[in-house]
Protein chains: 2
Amino acid sequence: MAKKKQSGEFHQMAVATDGVILTYDEKQIKVLLIKRRNAPFKGEWALPGGFVGNKETAEECAQREICEETGLKKLSLEQLCTISDPKRDPRGRVLSIVFMGFFRSGKTGPLAGDDATEVEWFSIHKLPKMAFDHSKIIKTGIKGLKNLLNIEGAAFELLAEKFTFSQLQTIYEEVLGAELDKRNFRRRFMNSGIIMPLNEVEKNVPYKPGRYYKLDRRMLKSEPGLMPIF
Amino acid sequence: MAKKKQSGEFHQMAVATDGVILTYDEKQIKVLLIKRRNAPFKGEWALPGGFVGNKETAEECAQREICEETGLKKLSLEQLCTISDPKRDPRGRVLSIVFMGFFRSGKTGPLAGDDATEVEWFSIHKLPKMAFDHSKIIKTGIKGLKNLLNIEGAAFELLAEKFTFSQLQTIYEEVLGAELDKRNFRRRFMNSGIIMPLNEVEKNVPYKPGRYYKLDRRMLKSEPGLMPIF
DNA sequence: ACAAAAGTGTTCGGAATACACCCATGT
DNA sequence: ACATGGGTGTATTCCGAACACTTTTGT
């Protein structure tokens with residue numbers, strides 16, 4: 001008879017969360033990193049995250065850690081994957097549940113942890129050397145973004161409430177890695193009816209000011225909460 | 001200064017895997033369940049799975065447990081999600097990493113664990129009462145399947161190497177919950193070039209025998225290993 | 001002969017593509 | 001005046017949707 005599972009054989013392990021927090025800023029998609037204050041990898045850049053407490057879910061843990069380390073609150077978070085390689089953390093076996101989060105462009109808050117951790121947004125094309133396997137995690141996350149764009153309304157999680165067409169288009173171009181035709185792009189969204197024009201245009205720009213639009217959530221077919229990743 | 005993370009504060013917890021193993025059989029999509037031999041939920045149906053060992057990854061654990069409990073080996077597995085509700089298991093805190101697996105229709109093996117566990121395929125439309133939160137997990141999995149169909153080639157993971165058009169179409173209809181037009185369906189796949197006809201037809205069927213086809217993997221754009229789920 | 005599912009073509013409308021010029025603003 | 005990005009229309013192609021009858025087999 002094969003090994004029976006009885007208590008005592010349950011290998012306990014530490015469980016952590018990591019957050020890949022994205023935003024759109026200065027025509028780029030950026031990811032939020034913090035500089036580690038402790039060993040291992042002290043001084044290196046890493047994803048915000050930490051160990052899951054006794055009575056919290058993984059998502060609660062991610063929200064808490066992200067808030068403690070970066071000051072950002074109540075982000076919209078989605079589970080990305082769970083990493084279970086026994087040797088990924090030099091301290092011992094640590095499981096990591098990875099979340100992807102979207103921070104609306106524009107409402108840039110304080111960006112400082114309660115203990116003055118260094119926190120910084122990095123363009124996903126210019127990432128620094130990073131702790132653990134965090135580089136790989138981010139690459140996985142970016143790949144997943146491509147699929148997200150197919151989900152109606154996902155791109156808007158990265159934008160401010162009001163946005164111009166060129167901001168929206170740049171997100172698609174950044175993620176898809178390809179240039180898109182302005183006229184066709186505009187037509188597509190106008191026909192879909194999911195965005196509506198506002199009576200407001202850009203100010204103080206050295207070119208013809210662009211009109212602002214906003215997402216019309218009533219027109220979305222899939223509810224936004226259920227946002228499938230990959 | 002906020003709570004520092006120092007060893008001793010790491011809450012250790014048990015980590016398990018669960019597998020949602022799907023196949024296509026008798027015009028239905030089915031999921032593989034086992035009858036639990038031990039408390040809790042002794043005698044109830046449950047997803048195959050068990051605790052992650054000291055030196056294995058979650059996927060290795062899932063493969064091992066599925067093999068031990070059902071006899072199926074080397075399934076293609078994809079991570080679905082991780083469940084971290086502190087109260088989901090009456091024995092205490094157990095994290096569960098859920099995998100979705102595809103078992104090729106046709107090569108139906110022994111289907112018996114090494115200790116004569118009861119193992120059975122259930123139509124996803126007629127599921128029994130189940131242990132833990134396994135009902136909910138399966139529902140999540142089925143939803144994810146819809147997205148999978150958009151990924152070129154995903155449906156073929158459920159079919160035997162050779163299959164008829166109506167088998168392929170039935171999978172789409174089952175998952176999408178809608179009837180599809182035969183002619184349009186056939187045209188779509190023929191134009192895509194990802195399937196090729198074989199010189200072989202069904203035998204001993206009381207109707208005009210259907211031709212067999214097979215997937216032409218060279219024509220797939222996305223590599224099959226990287227099969228994004230949700 | 002009958003039942004059951006396989007197989008086959010055409011028409012139509014909407015969506016995606018390709019493409020080039022003028023417009024409004026700040027400096 | 002110039003530099004910068006905003007904004008617009010048309011022709012063409014491609015794809016998905018709708019739709020009904022004949023064919024082959026086992027019983």
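Lettering of chains follows the sequences in order, A, B, ..., and the numbering in each one begins at 1.
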Side chain to side chain contact (heavy atoms under 4.5 Å, CB included) between B/Ile83 and B/Arg88, intermediate numbers included: CA-CA 9 Å; B/Ile83 304 182; B/Arg88 63 178 290 277; 3.5 Å; yes

Between the side chain of B/Arg36 and the main-chain N/O of B/Glu44, is any donor-acceptor distance below 3.5 Å? no

Is it true that the NZ or CZ of B/Lys162 lies under 6.0 Å from the centre of B/Tyr212's six-membered ring and within 45 degrees of the ring axis? yes

Between B/Asp85 and A/Thr57: side-chain donor-acceptor atoms closer than 3.5 Å: no

Start with the C-alpha distance between A/Ile195 and A/Asp216, add both sets of side-chain angles, then the distance that settles side chain to side chain contact (heavy atoms under 4.5 Å, CB included), and finish with yes or no. CA-CA 5 Å; A/Ile195 66 175; A/Asp216 186 349; over 6 Å; no

Would you say B/Ser166 reaches C/dA6's phosphate, i.e. side-chain N/O to OP1/OP2 under 4.0 Å? yes

I'd like to check A/Tyr213 versus A/Leu198 (side-chain heavy atoms, cut-off strictly below 4.5 Å). Are they in contact? no

Where the side chain of A/Arg187 is concerned, which of C/dA5, C/dC23, C/dT17 is the nearest nucleotide? C/dT17

Please find the earliest and latest nucleotides of DNA chain D, in the 5' to 3' direction, that have an atom within less than 4.0 Å of any heavy atom of chain B. D/dA17 to D/dG26

Nearest-nucleotide wise, let me know which of A/Phe165 and A/Tyr207 is further upstream toward the 5' end of DNA chain D. A/Tyr207

CA sep, side-chain torsions, deciding dist, call: A/Arg211, A/Glu200, salt bridge (charged side-chain N to carboxylate O under 4.0 Å, His left out): CA-CA 6 Å; A/Arg211 178 170 296 275; A/Glu200 191 182 350; over 6 Å; no

Dot-bracket for DNA chain C, please, read 5' to 3', with Watson-Crick or G-U wobble pairs under 3.5 Å on both distances, ( ) within the strand, [ ] crossing, | other strand, . unpaired. |||||||||||||||||||||||||||

A/Asn191 CG to C/dT17 C1': how many Å, rounded? 14 Å

Taking it one step at a time, do B/Tyr172 and B/Phe189 satisfy ring pair (Phe, Tyr, Trp, His ring centres under 6.0 Å)? CA-CA 12 Å; B/Tyr172 275 76; B/Phe189 278 93; 5.7 Å; yes

Atom CZ of A/Arg188 to atom P of C/dG14: distance rounded to whole Å? 19 Å

Can you tell me how the ring of A/Phe165 sits relative to the ring of A/Phe185, calling it parallel under 30°, perpendicular over 60° and tilted otherwise? perpendicular

Here the gap from A/Thr17 atom OG1 to A/Glu59 atom CD, rounded to the nearest 0.5 Å, amounts to 10.0 Å

Test log, rule side chain to side chain contact (heavy atoms under 4.5 Å, CB included), inputs B/Leu33 and B/Val119: CA-CA 6 Å; B/Leu33 301 181; B/Val119 183; over 6 Å; no

Where along residues 171-186 of chain B does a heavy atom fall under 4.0 Å from DNA chain C? B/Lys182, B/Arg183, B/Arg186

